[in-house]
Amino acid sequence: MPTISEINARFLHYIQSLDQQGADKLISNCLKAGLPPEQIITKIIMPAIDAIAEKQKNREVVVAQIYVMAKIAENEINKVLVEMPIKPRTKGTVIIGTPMGDYHGLGKKLVATFLRLADYQVMDLGLSVNHFDFVNMAIAFNAKIICVSALLLHTALGITEIRKELDSRGYNHIKIVVGGALFNFNPKLSNKYGADAMAPNALDAVRVVRELAGDF
Amino acid sequence: MPTPLERLLTALSHKEADRIPILPVLLQHGAKELNVDLEKYFTNGEMLAEGQTRLIEKYEYDAVIGVPHVVEDLLAFGQKLVYFPNGAPVLGGMAISRFHEIDKLVVKDPGDVPELRETLKAIELLAKRYKGTVPILGAGIAPFSLPSMFIGTEKWLQLLFDDEEMRKQYLIRFLEVSMEFCVKWMNRQLDAGADTVVLADGMASATILLRKQFQKWAMPLIKATIARINGPVVYEGVGSLGDFADLLPELGAAAAIFDRYDNLAEIKPVLAGKVTIVGNINNIALIDWTPEQIEEEVKKVCEAAKKGGGFILANQGPEIPYDVPDENIRAFVEAGKKWGKQ
């Protein structure tokens, strides 16, 4: 039986080679060999996800790769979760969506996936979401954080509307995290539009949400 | 002094003129000049032409652009647009939601879409004013990227990277429909008087695709498309193209637009004498850079790419946002004139 770090290295290799079958076989073998599911997630899959996210941050992987890698990791996590006793996600709820008029959903999907993998309950409201819906859902589901992913400059004004709506209804403790190409090109805009923080990639989104939600 | 057209042609022949051509991509600021709202401006050929005229007379740069925004291409696929007071319109929804619906998709002739007719009118009016002296640009969405806008980015990525069965069944059909429209639309713009057309291909950039994916899917399609377009083509990544720079000469494009992450000093020797480099000022940062910062950025890219010709100073794709103040546009153009001297 190889060591955990050897298995981790092999899993990372499969993910990086976009080899769903290889990853599938490896994780199935781990389960068959009696490795505790928690250990498979925390010691094998999550470190691989962190490694990929790090590569994304350094612009070493392209969107096509991230899309497939995140999908493989999510499939494997779901497979392992089936073997674990049911328990609620331990972290709180995060609302996520793109602002009204913005139909670019890939970044949002990646962030939602990474947040779920980090044990958050994520409610993805989808594309082109009205600012009232962001706020209503955040209040209804007791979310501490609203994540807004925006590609287009003028649709990002929806973020300001969310901020105003939260403040006017007395929910200014709910924080807004923004991300998307727009903010990567000009990070100052996040402040201008009323966001509490900006995340340049999915890995940082998890870090920023953890910080703002006080989850460590 | 050379005309803007002579300056552009010199750059495209990889020679030096008095200075590099300067091309801030201003699609929306004409509405400000005419004091009309963007929806009215975008859908009226006379206003588009007048807006472009006022802008080039005000700032004195080197080309006019006939198209209001590239999202209008999707009107031919039956999609609706939602207009904004301060930016390009967005799609009101997707034309199709499932892959098999591609066979039911009705694609209109560009001449049968009122907004596209207005774009052709704008190009005709600009050609009357400027043909032979100022370059007239048309533009459209490249066929590899069009499907993402009529079925949605996520579905398009699913088809490309995830769903092999669906890919076998539908990929070619999606690309065929897109190429057919793109070629027809670009040739109409050239017939109306455009000197060159810009093909925007965000889904094929090195930000999205691996090199082998670009080579396998996007390159043959771009080559075949460009071969059928009856005029010079500027290829726009709307994302990074740096990692594909050595492949670009094969495409048949006269020039390529790079993004701000691309290192022009490294790309220049790869493309010298082959493909003219266009770019790559950060369009979003132009909103709140000071004129001094803008000059510094323009100086950097000019120093990296102007030597020996084959360089056009522009913003990275797609356009300069509506909120960029006039003084920053002026700073961009003036810095280009100062640091782009040859």
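We name chains A, B, ... by the order of the sequence lines, and we start the count at 1 in each one.
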Considering only heavy atoms from C-beta outward, does the side chain of A:Leu182 approach that of B:Ile284 to under 4.5 Å?
yes
Between CG of A:Leu18 and CG of B:Leu210, what distance do you get to the nearest 0.5 Å?
7.0 Å
Nearest heavy atoms of B:Phe161 and A:Ala64, plus distance in Å
CZ-CB, 3.3 Å
With only heavy atoms counted, which part of B:Ile287 is less than 4.5 Å from chain A, the side chain, the backbone, both or neither?
side chain
Heavy atoms only, distances under 4.5 angstrom: which of B:Val82, B:Leu160, B:Leu209 has the most pairs with chain A? Name it, please.
B:Leu209
Under 4.5 Å to a heavy atom of chain B? For A:Leu189 that would be side chain
Pairs of donor and acceptor atoms, chain B with chain A, under 3.5 Å:
{"residue": "B:Ala88", "atom": "N", "partner": "A:His154", "partner atom": "NE2", "Å": "3.4"}
{"residue": "B:Ala88", "atom": "O", "partner": "A:His154", "partner atom": "NE2", "Å": "2.4"}
{"residue": "B:Gly92", "atom": "O", "partner": "A:Tyr103", "partner atom": "OH", "Å": "3.4"}
{"residue": "B:Glu154", "atom": "OE2", "partner": "A:Lys109", "partner atom": "NZ", "Å": "3.4"}
{"residue": "B:Asp162", "atom": "OD2", "partner": "A:Lys71", "partner atom": "NZ", "Å": "2.9"}
{"residue": "B:Thr207", "atom": "O", "partner": "A:Val63", "partner atom": "N", "Å": "2.9"}
{"residue": "B:Ile208", "atom": "O", "partner": "A:Ala64", "partner atom": "N", "Å": "2.8"}
{"residue": "B:Arg260", "atom": "NH2", "partner": "A:Asn184", "partner atom": "O", "Å": "3.0"}
{"residue": "B:Asn282", "atom": "ND2", "partner": "A:Phe185", "partner atom": "O", "Å": "2.9"}
{"residue": "B:Ile284", "atom": "O", "partner": "A:Asn186", "partner atom": "ND2", "Å": "3.2"}
{"residue": "B:Asp288", "atom": "OD1", "partner": "A:Asn186", "partner atom": "ND2", "Å": "3.2"}

Which bit of A:Leu157 is near chain B, if near means a heavy-atom gap under 4.5 Å: side chain, backbone, both or neither?
side chain
Less than 4.5 Å to any heavy atom of chain A: does that hold for the side chain of B:Met94, its backbone, both, or neither?
side chain
